Amino acid sequence: MIRLENVTKSYSAEVVALHDASFEVAKGEFVFLVGPSGSGKSTMLRLLNREERPERGAVWVAGRNIVDMPPGRVPHLRRNIGNVFQDYKLLTEKTVFENVAFAQEVIGRPRHVIRQQVPAVLDLVGLAGKEDRFPNQLSGGEQQRVSVARAFVNRPLILLADEPTGNLDPATGEGIMRLLDRINTTGTTVVMATHDQRIVNTMRKRVIQLDRGVIVRDQARGVYE
Amino acid sequence: MWSRLTYTLRETWASFQRNITLTVAAIITAAVSLLIFGLTLLIQEGFDNLLSRWEGGVEMIVFVQAQATEEQRSVIEEALAAQEGSIIASWSYCDVACSLEDAQRLFAGDPATLELLTETNIPTQYRVVPTEGTDVLTLRALREAYQDGLPNVLSVTLAEDQLDLISRLQGFVGLYTTGLWISLMFAATLLIWNTIRTAMFARRREIEVMKLVGATDWFIRVPFMLEGLVQGIIGGATACGALWFINNRWTAGVAEFPENSGFAALVVSDGYLNWVMLGIIAFGALVGMIGSGIAASRFLDV
């Protein structure tokens with residue numbers, strides 16, 4: 001599903017975000033990217049989403065090398081990728097329903113499909129009955145659930161999560177992780193960047209550890225260390 | 001398709017309301033510049049009406065009274081033919097129908113005079129193109145000779161009597177009005193550009209999310225372009241209203257000017273005005289759409 005081949009990405013001569021990184025993620029896998037701040041986790045996610053392009057190497061997503069993908073094809077790539085962020089990135093003037101529906105609306109899904117799929121995904125993330133609330137009327141955990149619902153509503157092949165529990169208390173964070181695990185069991189590949197030692201150690205999924213842009217460990221059913 | 005259309009219209013309307021102050025400023029500036037653009041076209045048309053009889057190198061017109069007989073006209077034509085090659089390069093006869101058509105342009109703003117002119121009383125014209133080497137003094141001498149020596153000649157007019165002043169006036173007015181509308185149109189484009197930029201900045205988070213969930217650049221851009229287009233159309237329509245009012249007042253005013261004041265030709269026909277108004281709306285729409293389209297592309301990476 002994902003393959004990085006000798007990828008190097010730098011923001012300046014001094015700041016090398018990734019250096020000669022290579023790994024492969026199979027369909028349906030759940031992978032943690034761990035490492036200290038500035039180790040290259042977020043850059044890795046941005047490369048997979050084609051928000052950044054590497055100086056060297058190839059990035060394969062769903063069978064296509066996306067490094068030289070024409071800009072016009074990038075939106076189609078992103079329709080196969082869901083994104084969850086630490087700060088949720090919800091639209092504050094839209095309701096819960098509208099925030100999730102927005103992801104379908106902008107790619108031209110018909111109204112009847114939106115009316116059918118959005119309540120189903122809100123039910124999945126445990127927000128049934130809160131469709132008409134605005135983000136500022138929800139707790140942090142609930143806001144992150146909306147964010148997950150928005151990322152999953154188009155049934156993406158891959159879900160990228162950048163510190164999704166970073167702003168949440170441990171109990172709420174666990175709830176989000178259960179949700180991501182559940183989404184993973186539907187066949188969606190999940191790549192999650194995190195600092196949360198407890199979650200990594202509890203979930204025991206594959207761990208790729210980065211240090212100053214270099215992959216220093218790739219371990220199945222790994223722990224944080 | 002329907003879902004996209006409603007989304008686009010909804011977003012355009014929302015953005016319109018969100019930036020109401022800037023939107024109004026952009027519309028007013030566009031309207032003023034388009035109005036001046038329209039006025040420039042009307043003024044130029046008025047001058048063209050005045051100058052139309054002098055087209056094709058014509059520098060002298062011999063007006064013949066309506067009651068002139070065929071024989072008398074033959075005498076005039078023989079006199080013209082006698083000068084062909086030396087002073088006169090060519091000449092043509094503008095008959096009753098041609099003269100009536102000419103009067104329609106010249107007296108467009110003076111319907112009372114126009115009404116008095118009929119097939120039986122309108123003077124016909126001989127339009128004379130002099131040879132390259134003919135100077136003004138020779139033409140003036142020829143005018144005197146024709147006026148005094150030829151039968152039933154009403155008057156002889158030389159282009160230099162009218163042409164120089166009108167041309168200078170036309171150039172002067174044309175230059176300044178053109179400069180003014182181009183400057184204002186540029187300001188209007190910048191204002192539309194800035195409105196769109198502000199709208200995009202206000203919605204940067206939304207645009208970021210749209211891009212991340214796979215919206216195409218065109219899908220994001222179209223509501224902003226539509227907003228610019230609507231601003232241009234509203235500005236154009238406002239300018240049309242003002243232009244129609246000004247033209248109406250001018251036409252009514254010219255009718256009250258003294259006869260032979262020369263202003264009667266400075267009135268345009270309704271058909272021309274309609275074309276100008278249509279052009280103004282189209283031009284406003286084009287400028288609005290292009291300005292906003294460029295801004296939307298330029299600031300898409302918010």
Side-chain angles (χ1 to χ4, degrees), chain A residues 45-46 48-52 61 69-85 87-94 98-115 117-118 135 146-147 149-162, chain B residues 1-23 195-229 289 292-302:
Chain A
L45 296 181
R46 291 172 70 82
L48 294 174
N49 213 13
R50 240 309 282 271
E51 288 177 79
E52 303 277 0
V61 174
M69 180 178 267
R73 298 297 308 165
V74 173
H76 300 278
L77 164 80
R78 289 181 182 163
R79 290 174 194 183
N80 290 316
I81 301 173
N83 285 279
V84 180
F85 305 95
D87 61 351
Y88 326 130
K89 290 196 194 301
L90 298 178
L91 304 174
T92 50
E93 73 281 10
K94 289 188 191 290
E98 288 167 343
N99 262 286
V100 179
F102 187 65
Q104 296 206 300
E105 209 168 21
V106 299
I107 60 168
R109 287 271 196 277
R111 280 214 167 167
H112 70 273
V113 173
I114 295 173
R115 275 198 290 266
Q117 291 187 348
V118 173
V146 179
S147 174
R150 183 180 64 193
F152 188 61
V153 71
N154 289 324
R155 300 291 188 273
L157 298 170
I158 300 164
L159 196 140
L160 304 176
D162 194 358
Chain B
M1 183 68 192
W2 178 248
S3 154
R4 283 188 183 214
L5 187 69
T6 51
Y7 169 83
T8 303
L9 294 176
R10 201 177 62 227
E11 289 306 314
T12 304
W13 176 240
S15 188
F16 222 86
Q17 289 174 308
R18 203 176 289 146
N19 291 304
I20 196 74
T21 317
L22 261 177
T23 301
T195 312
I196 301 304
R197 190 173 70 159
T198 309
M200 294 189 79
F201 187 75
R203 293 178 57 198
R204 62 193 181 283
R205 198 178 181 88
E206 205 173 323
I207 292 172
E208 187 187 356
V209 172
M210 285 166 92
K211 292 181 85 165
L212 285 173
V213 298
T216 61
D217 284 356
W218 273 109
F219 183 84
I220 301 169
R221 207 179 281 151
V222 164
F224 293 108
M225 289 180 74
L226 205 59
E227 188 183 342
L229 178 87
M289 197 172 67
S292 56
I294 295 171
S297 304
R298 170 81 178 73
F299 301 108
L300 207 54
D301 290 327
V302 287

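Model, not experiment: these values are computed from the prediction.
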* Asked: What part of A/E93 gets closer than 4.5 Å to chain B, counting heavy atoms only: side chain, backbone, both or neither?
  ->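 Contact with chain B: side chain only.
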* Side chain from CB out, backbone as N, CA, C, O: work out which of these in A/D87 comes under 4.5 Å of a heavy atom of chain B, or both, or neither. =>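 Contact with chain B: backbone and side chain both.
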* Structure fact -> When every non-hydrogen atom of A/E105 is compared with those of B/F219, the smallest separation belongs to O-CZ, 3.9 Å
What residue, out of [options], has the most heavy-atom pairs lying under 4.5 Å from chain B?
options: A/L91, A/L77, A/T92, A/N49; value: A/L91
options: A/V153, A/N83, A/I107; value: A/I107
options: A/I81, A/V106, A/N154; value: A/V106

* Rounded distance (nearest 0.5 Å) linking atom CD of B/E208 with atom CD of A/E51 ->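 CD of A/E51 is found 7.5 Å from CD of B/E208.
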* Roughly how far apart are B/M210 CE and A/R78 CZ, rounded to 0.5 Å? ->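 The distance works out to 13.0 Å.
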